[in-house]
Structure formats: structure tokens, C-alpha cells
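Heads up, the thing below is written out as C-alpha cells.
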Amino acid sequence: MCGIVGIVSTSNVNQSLYDALTVLQHRGQDAAGIVTFQDDRFFLRKDNGLVRDVFHTRHMRRLVGNVGLGHVRYPTAGSSSSAEAQPFYVNSPYGITLAHNGNLTNADELSKDLFRTDLRHINTNSDSEVLLNVFAHELQKLGKLDPTKDEIFSAVRAVHKRCRGAYAAIAMITGYGIVGFRDPNGIRPACYGERTAEDGRKEYMIASESVALSAAGYTLVRDIAPGEAVYIETDGTLYTRQCAEQPHLYPCIFEHVYFARPDSIIDKVSVYKARLRMGETLAEKVFREAPDHDIDVVMPIPDTSRTSAMQMAHRLGVKFREGFIKNRYIGRTFIMPGQKMRKKSVRQKLNPIDLEFRGKNVMLVDDSIVRGTTCKEIVQMARDAGARKVYFASAAPPVRYPNVYGIDMPSASELIAHDRTVEEIRELIGADWLLYQDLEDLVTCVSDVNDDIEGWECSVFTGNYVTGDVDAAYLNRLEEMRNDDKRFKSTGAASGDNGIIDLYNDED
């Protein structure tokens, strides 16, 4: 999962891009990058690390220009090399940079086609570089020195025909502007907003989540529709066009469960309200399964589950307490590479308040259970803190299948719910009672405000992939690539890699 942002402004965009990336930091902690444009020249800074660590004052001063892109990344294929930090760049045609969120399911096939027929070389293992080169090739085929909006939209239309999977992307074309587009199923989120500059001209921002817009003073206009492209010229003129032949809105439901910030609105659905409803439906399930429950207190696993846990406690009529204090300087364990690092980080990340646990029957609430590593440790921490009984609730159904659309969930064999019953999972994590959200309830929680949503991308729960091109062979290759024991023997960060493309030689 990644975060993307693009801005066309009347003044320097470096600070606004930086601020937007800090707001989107939850979407990726592996690498960050900003590229700006001025006087027929790109200025790029990107490297591994958090936004605050990648960009220093000396870098910000060099990122000049009124047009720019930003990106935060976590690795979707196990690599943490800064060579794969974004935005990516190609010099032909025009000079194009691109930031991408998602995953192409036919990236290997496209990479071969780009070499054999398009005569383009792919330098990394990133499907984002593949997407950029497909877009660049389709623009180059038009053979125009000055591309019009119609020709840019035509290139996006060709991208939709060639690329499969999930992608929300923003590309910057030298001297012309930025174009944001979303895959024909709308799996990954993207929206755009506007604000008025002091001189009365319009300024525009495209971003993964609406919270990035509001934090920078932009007003949300709307989500980018599936298959749609939004083109903003450097003078602030905006055009939109549907570029897919048969678009359907099937957004990723896991955005509302885990990834998105609660103060975001995605496809007209408030993430906060959706999580409140998740807590309501969990409470209703408690009433169905254990009407005479003995829960004394409901506690969230910070931070994503807090909203659901609070509403669950309210509906049950029991106390809501913060039993764990989070060390905010430890990254999200779901995103961390390697099982040993994830396990070690749990006790560094969370510390229990013993008096809230002692002698109580505690219902712990988390947004989801993926590997089970974190919740097993947390259950034991609750027992060590003196809890009499430890119950565990997941705001999401059992995660039984890998994600292929840009979330780096582990291989199927590493998912605790894969080929296991709820009772078997309960025994493995050591809880006295395990409660999962029903999929039908989860869908209801996110589906009542936008009639344009035809369905939800729920493949991690069902194994049904909406693009229709994911088969057993593909999943087997994914298993090979994502298995912790294999991928971290052959991949990892290159400590001397500074991640700089010499568009502007921004050395440390």
C-alpha cells in the first residue's frame, strides 16, 4: 500500500507536498519521494525512510516549482531497496514522472512486452516502473510534439486496455501538467480537490485520501471514478474524462478496515462512520452468541480499532478503557518486513496498564487478524497484566487469502486463518473467546451511502478476485515471492543506496 499526491499550484508546492505526505505516512513507511518541475527541469529527492527523515531543509530548498508529485511507499514484493522508491522517471517522451499505489497482476507479461515490442528497459522489480513505461510508450506512439488533452486521455485509455490489477496513479508530464487516473474497477482510492489562490486562480490537488486535501486547505471535489482520468495543465486548467470501456466500482474494503485514516472519506463513505458501524455489528454478534456475556471492559488495540471498540462498548453497555499505551515511534507491525522483526516490535510498541486488566474479563478489539503474531503476543500481555479472562474480537472477517492488489499480505501459508477454523485460531492465539465480524455485516457497514458502488473487493476474505485474472499459478508464484523465509534471504535494503536519479543531483 502506498500514498500518492500531486499538486498544480500558483506558488512553490514543495511544502504542501511534504505536509500531504506526512498526513499519508500511515500508507507507507519504507520510502518517500517528491519531484517538482520548473524551467524545463525536474527536481527529485527520494530515499528510504519516513518523510521527516528523507527531506531536510537543504532538500526542500532545491525542490522548486509550482507543479509536483509525492509518494510514500512500503514494499509489496519484499524489497526495501531505495532503488524502488518513487516517483519513477523516464525521459521519453517529454520527460514523465509517476507515483503509483496498487499492484499490476500482469506486470511480468507487460515487462516482457515492453522489452520485446516497445523497446523499453525496466530497471527495477517494481510494477510502478512498468506502469510508467506503458503510459510513456502509449504517449510516444502518438508522435506529437505537443500532446493535447485528447491525446493524453487516449494514452490513459490504452493503459487501461493493457494493464490489469489495481492502480491509482499520478503522472507529471514535463511542461504540460499532471494526470491522475484510477483502474477500471476503482480498487485503489484517489480523489481530487481545489482551493483558490490569493490572485483568484484555482489550485488543484490529487491524493489517495481526502484527509491530505483538507490538511492542506483544499476542498474535496469528488473521488476519481473508476477508469477516469483527471488532467490538470500547468496553468490550472482542469479536464476530466472516462477512459475505460466498462468501468465498475469495486473498491477495496480493507481500506475501511485498516489502511485509511478515520478522518478520510473514500468513495463517499466516511471511514470513521464505517468503523463505528463495525463496532455496532460486533456488539450485535456478542448478543447473538452470548446474550449473558460476562465482559467487564472493552479495549482497543491502538490505533485503527479504537473507533470500533468504542462503539462496541457503548452498544454492549460496558466500560471502554485504553488498556495499552502505544509507543508512536515504532512503525506499523503489519507493514514491517520479516516475522522476527514483527514479533519483537509488539512489546516495544505496546505497554499494558496493569490496573485496567487486573481481575477483569477483557474484550480486546483489533481491526483484523492477519498472521496472528501480534494478537497472540497481546493476549499474553493481557494475561500477564492480571486479566481473569481474555476475549478477542476482530472488526474484519478471517483473512484467509493473500491480497494481489497492492497490500503486502503474506503468503497464504503464513495467514493464521488459512485452512483453519475459528476454534483452531482461538487456540493458537490463546484467547478464551474469539469473535470475528461476519462478512455480510462488514459489507453492510460500508455500503449504505453510495449507490455507485457495485460491490467490494473482498478477496482476502473470500478468495474471489474481481479482476478475474488471478488463478492458482499466479497465487503459487506469489507464495514463492512473499514467503518470509525465502524473500528476505534474497532481498533487503542496500545501505549505501541514496535513491537519487540525476535529474537534479541532490546528493546527501
Checklist outcome for this item: Output for pair (F254 CZ, S459 OG), nearest 0.5 Å, gives 10.5 Å

Checklist entry - In this structure, are over 12 heavy atoms from other groups packed under 6.0 Å from H293 atom NE2? => result yes

Checklist entry - Does the S210 side chain pair with the main chain of I265, one donor and one acceptor, at a distance under 3.5 Å? => result yes

Next on the checklist: Could you go through Q242 and E228, starting from their C-alpha distance and side-chain angles, then the distance that decides it, and tell me whether this counts as side-chain hydrogen bond (donor to acceptor under 3.5 Å, both in side chains)?
Outcome noted: CA-CA 4 Å; Q242 177 55 252; E228 185 183 26; 6.0 Å; no

Checklist entry - Could D438 and K285 be called an ion pair, given the rule that one side-chain N must be under 4.0 Å from one carboxylate O? => result yes

Item to check | Candidate pair R388 and D296, rule salt bridge (charged side-chain N to carboxylate O under 4.0 Å, His left out), full reasoning | outcome: CA-CA 10 Å; R388 184 167 59 242; D296 295 317; 3.4 Å; yes

Next on the checklist: Taking the six-membered ring for Trp, are F324 and F357 closer than 6.0 Å centroid to centroid?
Outcome noted: yes

Checklist entry - Counting distance only, does the side-chain N/O of S447 pair as donor-acceptor with the main-chain N or O of T444 below 3.5 Å? => result no

Next on the checklist: Is the shortest side-chain heavy-atom distance between Y401 and T462 below 4.5 Å?
Outcome noted: no

Checklist entry - To the nearest 0.5 Å, what is the distance between CD1 (I4) and CZ (R73)? => result 14.5 Å

Next on the checklist: Does either side chain, that of E479 or that of S413, offer a donor lying less than 3.5 Å from an acceptor on the other one?
Outcome noted: yes

Next on the checklist: Between I178 and V8, does the side-chain contact (heavy atoms from CB on, under 4.5 Å) criterion hold? Intermediate values first, please.
Outcome noted: CA-CA 8 Å; I178 65 173; V8 174; 3.7 Å; yes

Next on the checklist: Checking the side chain of N14 only, and the main-chain atoms of M60 only, is there a donor and an acceptor separated by less than 3.5 Å?
Outcome noted: yes

Next on the checklist: If you compare all heavy atoms of S128 against all heavy atoms of L98, which two are closest, and at what distance to 0.1 Å?
Outcome noted: O-CD2, 3.8 Å

Item to check | Value rounded to 0.5 Å, distance of OG in S305 from CE in M310 | outcome: 11.0 Å

Next on the checklist: Could you check whether any side-chain N or O of D223 sits under 3.5 Å from a backbone N or O of K268, counting only pairs where one atom can act as donor and the other as acceptor?
Outcome noted: yes

Checklist entry - Looking at CG of L364 and CG of L434, how far apart are the two atoms once the value is rounded to the nearest 0.5 Å? => result 11.0 Å

Item to check | D432 bridged to R383 by N-O distance under 4.0 Å | outcome: yes

Checklist entry - Is the number of heavy atoms from other residues, nucleotides or ligands under 6.0 Å of K273 NZ greater than 12? => result no

Next on the checklist: Looking at K360 and E356, is there a salt bridge between them, counting it only when a charged N and a carboxylate O are closer than 4.0 Å?
Outcome noted: yes

Checklist entry - Within a strict 4.5 Å, meaning less than it, do heavy atoms of the I369 and Y436 side chains meet? => result yes

Checklist entry - Can you check whether M1's main-chain N or O pairs, donor with acceptor, with Y74's side chain at less than 3.5 Å? => result yes

Checklist entry - Which pair of non-hydrogen atoms, one from V286 and one from I295, has the smallest distance, and what is that distance? => result CG1-CD1, 4.2 Å

Checklist entry - Okay, side chain of E284, backbone of F287: is any donor-acceptor separation there less than 3.5 Å? => result no

Item to check | Any donor-acceptor N or O pair under 3.5 Å, side chains T124, E129 | outcome: yes

Next on the checklist: We want to know whether D267 and N450 form a side-chain donor-acceptor pair, criterion being a heavy-atom distance below 3.5 angstrom.
Outcome noted: no

Item to check | Full working for salt bridge (charged side-chain N to carboxylate O under 4.0 Å, His left out) between E423 and R426 | outcome: CA-CA 5 Å; E423 177 60 22; R426 182 198 65 77; 2.6 Å; yes

Next on the checklist: Do S394 and L435 have side chains that approach each other closer than 4.5 Å (heavy atoms only, starting at C-beta)?
Outcome noted: no

Item to check | R182 vs L249, side-chain contact (heavy atoms from CB on, under 4.5 Å): CA-CA, chis, key distance, verdict | outcome: CA-CA 10 Å; R182 197 174 176 192; L249 184 53; 4.2 Å; yes

Checklist entry - Which is it for Y405 and T467 under the side-chain hydrogen bond (donor to acceptor under 3.5 Å, both in side chains) test, yes or no, and what are the steps along the way? => result CA-CA 10 Å; Y405 298 126; T467 52; 2.6 Å; yes

Next on the checklist: Are Q380 and I429 packed together at the side-chain level, in the sense that at least one heavy-atom pair is separated by less than 4.5 angstrom?
Outcome noted: no

Checklist entry - Of the non-hydrogen atoms in N106 and R164, which two are nearest, and what is the gap between them? => result OD1-N, 3.0 Å

Item to check | Residues Y258, H26; criterion ring pair (Phe, Tyr, Trp, His ring centres under 6.0 Å); working and verdict | outcome: CA-CA 10 Å; Y258 175 79; H26 61 283; 9.4 Å; no

Item to check | Step-by-step side-chain hydrogen bond (donor to acceptor under 3.5 Å, both in side chains) determination, E203 to T196 | outcome: CA-CA 6 Å; E203 299 176 324; T196 304; over 6 Å; no

Item to check | Trace of the side-chain contact (heavy atoms from CB on, under 4.5 Å) decision for K46 with I34 | outcome: CA-CA 6 Å; K46 62 178 183 176; I34 290 176; over 6 Å; no

Next on the checklist: Can you confirm whether V370 sits close enough to L415 that some side-chain heavy atom of one is under 4.5 Å from a side-chain heavy atom of the other?
Outcome noted: yes

Checklist entry - Looking at side-chain heavy atoms only, is the closest gap between R45 and V54 below 4.5 Å? => result yes

Next on the checklist: The test is side-chain contact (heavy atoms from CB on, under 4.5 Å); show your working for F461 and L442 and say whether it passes.
Outcome noted: CA-CA 11 Å; F461 309 126; L442 178 61; 3.8 Å; yes

Item to check | CG (D53) with more than 12 external heavy atoms under 6.0 Å | outcome: yes

Checklist entry - Can you tell if the side chain of T304 reaches within under 4.5 Å of the side chain of R275, non-hydrogen atoms only? => result yes

Next on the checklist: I need the minimum non-hydrogen distance between I407 and C252, along with the two atoms involved.
Outcome noted: CD1-SG, 4.0 Å

Checklist entry - Please walk me through it: do D366 and R306 pass salt bridge (charged side-chain N to carboxylate O under 4.0 Å, His left out)? => result CA-CA 8 Å; D366 208 349; R306 181 173 286 112; over 6 Å; no

Checklist entry - Do L17 and I7 come close enough that some side-chain heavy atom pair is under 4.5 Å? => result yes

Item to check | Mutual orientation of the aromatic rings belonging to W456 and H256 [parallel < 30°, tilted 30-60°, perpendicular > 60°] | outcome: perpendicular

Next on the checklist: For a quick test of reading the model, state the closest non-hydrogen atom pair linking E209 to S264 and the distance between them.
Outcome noted: OE1-OG, 2.6 Å

Checklist entry - Taking all atoms of both residues into account, what is the closest heavy-atom pair of L276 and Q311, and its distance? => result O-CG, 3.2 Å

Item to check | Exam field: side chain N361 to backbone D294, donor-acceptor pair closer than 3.5 Å | outcome: yes

Checklist entry - Is any NZ, NE, NH1 or NH2 atom of the basic residue among K326 and D303 found under 4.0 Å from an Asp or Glu carboxylate oxygen of the other? => result yes

Checklist entry - Is there a salt bridge (charged side-chain N to carboxylate O under 4.0 Å, His left out) between E255 and R27 once you walk through the steps? => result CA-CA 10 Å; E255 290 279 353; R27 300 188 68 85; 2.8 Å; yes

Next on the checklist: Less than 4.0 angstrom from a charged side-chain N to a carboxylate O is my criterion; do R400 and D419 meet it?
Outcome noted: no

Checklist outcome for this item: The reported gap from CD in E377 to OG1 in T374 (rounded to nearest 0.5 angstrom) is 8.0 Å

Checklist entry - Can you check whether C445's main-chain N or O pairs, donor with acceptor, with D441's side chain at less than 3.5 Å? => result no

Next on the checklist: Aromatic contact between H160 and Y167, with the criterion being ring centroids under 6.0 Å apart: yes or no?
Outcome noted: yes

